[in-house]
A.B. asks: 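Structure below; questions to follow.
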Amino acid sequence: MGEVNGETIYFDVKKKIPMKSPNSQYIDSKKTKKNNWWSSIILISLFIIIRSISFFTKTSFLSGRYTYVTLTLIVIIWIFEVFFLTKFINNALYKNVKAAVPATKKELGYAIKENNIWNIFNNKKVTIWKKLTAWILTIVVVVCTIAIIPVAYFVNQNGELIGHQVGSEIIVISLMGILPFSSILLVWENNLIRWLNVVAKYQKKELNL
């Protein structure tokens with residue numbers, strides 16, 4: 001739901017009560033610099049891997065064209081992106097969740113008020129339009145993720161994939177693992193729709209706290 005006084009505030013949808021636990025080191029502002037250093041190293045490594053794929057696909061070994069080997073390397077990159085980003089976000093949000101204890105209504109309210117999600121909107125009140133925006137965003141991301149395989153199939157059927165000359169577009173293609181990660185984030189890790197539903201009940205005083 002948000003943060004307050006160095007603690008992460010959750011909402012237990014089964015017990016219908018707010019919970020709190022110490023912030024993970026990944027979102028603890030005192031340790032942000034150290035974590036940013038490791039994040040930078042990993043991102044740089046990812047960039048080097050992608051650039052390497054771009055280089056090797058243009059060598060005589062791979063004839064400078066898309067092959068099944070090229071696609072296999074790209075899929076490996078996607079798997080790495082999904083695994084790393086999901087692991088990182090999960091640790092950031094839920095690493096200490098097992099140590100969670102009940103939080104107060106005041107703490108829940110403060111966490112909701114200060115949550116950065118509100119930066120997307122022009123005010124801090126839940127409306128039908130905000131819920132609709134959350135649904136549209138989630139659906140679009142999930143549909144785009146599912147569409148990766150059929151789109152790749154039809155592109156290949158048109159002769160624009162296997163055997164096609166490798167270009168700078170391979171960089172963008174290699175980063176498409178971010179799409180399935182975004183789906184995991186919006187559906188399971190940090191569901192915006194569920195967050196807005198809880199906030200709406202809090203604002204309408206429908207939570208028995």
A.B. asks: Taking all non-hydrogen atoms of both residues into account, name the closest pair between Asn191 and Ile193 and its distance.
C.D. replies: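 Scanning both residues completely, I find the closest heavy atoms to be OD1-N, 2.9 Å.
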A.B. asks: Suppose we screen for ring pair (Phe, Tyr, Trp, His ring centres under 6.0 Å). Which residues come up paired with Tyr153, at least two apart in sequence or across chains?
C.D. replies: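 If we apply the ring pair (Phe, Tyr, Trp, His ring centres under 6.0 Å) test to Tyr153, skipping adjacent residues, there are no hits.
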A.B. asks: Taking side-chain contact (heavy atoms from CB on, under 4.5 Å) as the definition, give me every residue that meets it alongside Ile128, ordered by chain and number, with sequence neighbours left out.
C.D. replies: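 Scan of Ile128 (side-chain contact (heavy atoms from CB on, under 4.5 Å), adjacent residues dropped) gives none.
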A.B. asks: Same hydrophobic cluster for Trp188 and Val82, using side-chain heavy-atom links shorter than 4.5 Å among ILVMFWY?
C.D. replies: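 In one cluster: yes.
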A.B. asks: Output yes when a side-chain donor or acceptor of Lys130 lies under 3.5 Å from a complementary backbone atom of Lys125, and no otherwise.
C.D. replies: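 Indeed, once roles are kept as given, a pair shorter than 3.5 Å links the two residues.
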A.B. asks: Taking only residues two or more places apart in sequence or in another chain, which ones pass side-chain contact (heavy atoms from CB on, under 4.5 Å) with Lys124?
C.D. replies: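 Expected list: Lys113, Trp118.
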A.B. asks: Answer yes if Val151 and Tyr68 sit in the same cluster of Ile, Leu, Val, Met, Phe, Trp and Tyr residues linked by side chain heavy atoms under 4.5 Å apart, and no otherwise.
C.D. replies: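 In one cluster with Val151: Tyr68, yes.
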A.B. asks: Apply the test side chain to side chain contact (heavy atoms under 4.5 Å, CB included) to residues Lys87 and Asn91: give CA-CA distance (whole Å), side-chain angles for both, the deciding distance (0.1 Å), then the verdict.
C.D. replies: CA-CA 6 Å; Lys87 183 70 174 177; Asn91 283 340; 3.8 Å; yes
A.B. asks: When the ring planes of Phe84 and Phe80 are compared, do they come out parallel, tilted or perpendicular, using 30° and 60° as the limits?
C.D. replies: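 Parallel: the ring planes of Phe84 and Phe80 meet at under 30°.
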A.B. asks: How long is the span from the CD1 atom in Ile173 to the CG atom in Leu71, to the nearest 0.5 Å?
C.D. replies: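 So the CD1 of Ile173 and the CG of Leu71 are separated by 8.5 Å.
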A.B. asks: Provide the closest heavy-atom pair for Thr104 versus Pro18 in the form atom of the first, atom of the second, distance.
C.D. replies: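 Distance-wise, the nearest heavy atoms are O-CG, 4.1 Å.
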A.B. asks: Using 0.5 Å steps for rounding, measure from the OG1 atom of Thr8 to the OH atom of Tyr94.
C.D. replies: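 If I round to the nearest 0.5 Å, the distance is 10.0 Å.
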A.B. asks: Evaluate side chain to side chain contact (heavy atoms under 4.5 Å, CB included) for Val187 paired with Thr138, printing each intermediate quantity in order.
C.D. replies: CA-CA 7 Å; Val187 175; Thr138 303; 4.2 Å; yes
A.B. asks: Kindly work out whether a path of hydrophobic side-chain contacts (I/L/V/M/F/W/Y, heavy atoms less than 4.5 Å apart) joins Ile178 to Ile184.
C.D. replies: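 They do not share one cluster, since no chain of ILVMFWY contacts under 4.5 Å joins Ile178 to Ile184.
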A.B. asks: When rounded to the nearest 0.5 angstrom, what is the spacing between CG in Asn197 and CG in Leu192?
C.D. replies: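 One gets 9.5 Å once the value is rounded to the nearest 0.5 Å.
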A.B. asks: Would a hydrophobic clustering, with Ile, Leu, Val, Met, Phe, Trp and Tyr connected at side-chain separations under 4.5 Å, put Val198 with Tyr202?
C.D. replies: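 Result: yes, single cluster for both.
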A.B. asks: Any chance you could lay out the side chain to side chain contact (heavy atoms under 4.5 Å, CB included) test for Ile77 and Met176, step after step, and finish with the verdict?
C.D. replies: CA-CA 9 Å; Ile77 288 289; Met176 287 180 66; over 6 Å; no
A.B. asks: How many angstroms lie between atom CG of Leu175 and atom CH2 of Trp78, to the nearest 0.5 angstrom?
C.D. replies: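 The distance works out to 11.0 Å.
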A.B. asks: Between CD of Glu107 and CD of Glu7, what distance do you get to the nearest 0.5 Å?
C.D. replies: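 Those atoms lie 6.5 Å apart.
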A.B. asks: Sequence neighbours left out, what pairs pass ring-ring contact (aromatic ring centres under 6.0 Å, His included) with at least one residue falling in residues 124-147?
C.D. replies: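 Listed by first then second residue: nothing to list.
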A.B. asks: Quick one: list whatever passes salt bridge (Lys or Arg N to Asp or Glu O under 4.0 Å) with Glu189, sequence neighbours left out.
C.D. replies: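 In terms of salt bridge (Lys or Arg N to Asp or Glu O under 4.0 Å), with neighbours along the sequence ignored, Glu189 is linked to no residue.
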A.B. asks: Taking all atoms of both residues into account, what is the closest heavy-atom pair of Ala100 and Ser21, and its distance?
C.D. replies: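 So the two residues come closest at CA-CB, 3.8 Å.
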A.B. asks: Would you mind writing out the side-chain donor-acceptor pairs for residues 142-150 within the sub-3.5 Å range, not counting sequence neighbours?
C.D. replies:
unit_1	atom_1	unit_2	atom_2	d
Thr145	OG1	Val141	O	2.9
Thr145	OG1	Leu179	O	3.1
Thr145	OG1	Ser183	OG	2.7

A.B. asks: Under the rule for side-chain contact (heavy atoms from CB on, under 4.5 Å), what residues qualify as partners of Tyr110, not counting sequence neighbours?
C.D. replies: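 Result, side-chain contact (heavy atoms from CB on, under 4.5 Å) vs Tyr110: Val4, Glu114.
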A.B. asks: Would you call Asn190 and Ile89 a side-chain contact if the rule is heavy atoms closer than 4.5 Å?
C.D. replies: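 Heavy-atom side-chain distance check fails, nothing below 4.5 Å.
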A.B. asks: List the residues meeting side-chain contact (heavy atoms from CB on, under 4.5 Å) with Asp12, not counting sequence neighbours, and say none if there are none.
C.D. replies: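 Expected list: Lys14, Lys15, Ile17, Met19.
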A.B. asks: Rounded to the nearest 0.5 Å, how far does CG of Asn90 lie from CG of Leu185?
C.D. replies: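 Leu185 atom CG to Asn90 atom CG measures 11.0 Å (nearest 0.5 Å).
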A.B. asks: Would you name the heavy atoms of Pro22 and Asn96 that are closest together and state the gap between them?
C.D. replies: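 Closest approach of Pro22 to Asn96, heavy atoms only: O-ND2, 3.0 Å.
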